[in-house]
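One structure is given below, encoded as structure tokens.
In this chain, numbering begins with 1 at the start of the sequence shown. Whatever order the structure lists ligands and atoms in, that order sets their numbers, starting from 1.
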Amino acid sequence: MFGQRPRARQTIGSILALAGLLLMIASFVWMQRIPGRQRPVKPQIAQPQPTPKPFVVVVLDPGHGGQDSGAICGGVLEKDLTLDVARRIERLLEADGIATVMTRVGDSYVSLADRAALANRVRDSILISIHFNEDNRPVSTGVETYYAAHQITGGSFAASWLPFLWRALSESPNFESQSLAAFIQGALVARTRALDRGTKAKQFFVISNVTCPAVLVEGGFLTNKEDISKLASEDYREEIAAAVSDGILRYRDAVKQRQSTIAVTNAEQH
Ligand SMILES: [Zn+2]
């Protein structure tokens with residue numbers, strides 16, 4: 001009980017400081033919106049094809065954690081499976097010389113906003129969020145990989161820190177995340193022989209509020225008897241991890257290939 005008051009005062013102090021900072025950012029953003037102050041709009045010229053950026057770091061996001069168990073089946077908790085599989089992917093990628101960052105390393109609660117903010121602080125990254133499914137129908141089975149059709153745009157301090165200011169990309173499909181999802185889903189189905197539920201676009205918070213290519217993997221149903229018995233096996237979880245790692249490497253190769261193609265095209269044009 002001792003020391004409660006100074007701690008409370010400190011907390012109030014930090015809240016006030018944060019509120020002040022938010023107010024400053026909000027007024028800055030508002031000032032930018034006053035018509036008279038708007039900078040002249042640049043004439044629209046045809047933009048060259050954007051070059052896909054190679055990634056250097058893989059941010060691994062084991063879903064749920066702490067008081068948030070995720071899906072539960074008997075003694076099996078989604079949060080334990082996600083951490084187990086993420087650790088396996090981490091080990092496999094590092095063996096291939098690819099740097100990784102985990103959004104949580106133990107059984108702790110990390111908010112979705114903090115997970116996205118962490119990914120946004122890591123330069124030249126991709127985000128892989130690991131989850132397991134549940135459904136009202138016990139027959140539902142298989143693996144699926146999600147990408148967000150629209151993600152926040154990079155380069156804006158305000159956009160990356162204040163989710164409510166996020167600006168959707170134009171109507172063009174989210175090519176990089178979509179192809180990352182396709183490579184991972186393909187490898188998952190090939191390795192696990194689980195039912196292929198395909199890649200799907202969905203605005204999950206953690207994959208839509210990051211600027212880097214991002215996907216969310218659902219590695220099986222905790223509400224399906226066969227899926228849960230497979231997931232209980234270490235070998236099967238290792239196969240899921242190896243598949244995700246395979247998909248990431250294939251995506252990296254595809255990005256490199258596309259880059260060299262674009263480089264050749266540009267050289268030919270000059
Ligand atoms: Zn989940």
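- Counting heavy-atom neighbours within 6.0 Å of K202 NZ, excluding the residue itself, gives a total of 12 or less.
- In this pair, Y251 and F55 present their aromatic rings parallel. The plane angle is below 30°, not in the 30 to 60° band.
- When the Zn ion (ligand 1) is compared with the N/O/S atoms of H64, atom NE2 turns out nearest.
- In summary, an N, O or S atom of E78 is located under 2.8 Å from the Zn ion (ligand 1).
- The minimum heavy-atom distance linking Q151 with C212 is given by the pair NE2-O, 2.7 Å.
- Closest approach between the Zn ion (ligand 1) and any N/O/S atom of H131 involves ND1.
- For CD of E94, the number of neighbouring non-hydrogen atoms (other residues, nucleotides, ligands) closer than 6.0 Å is greater than 12.
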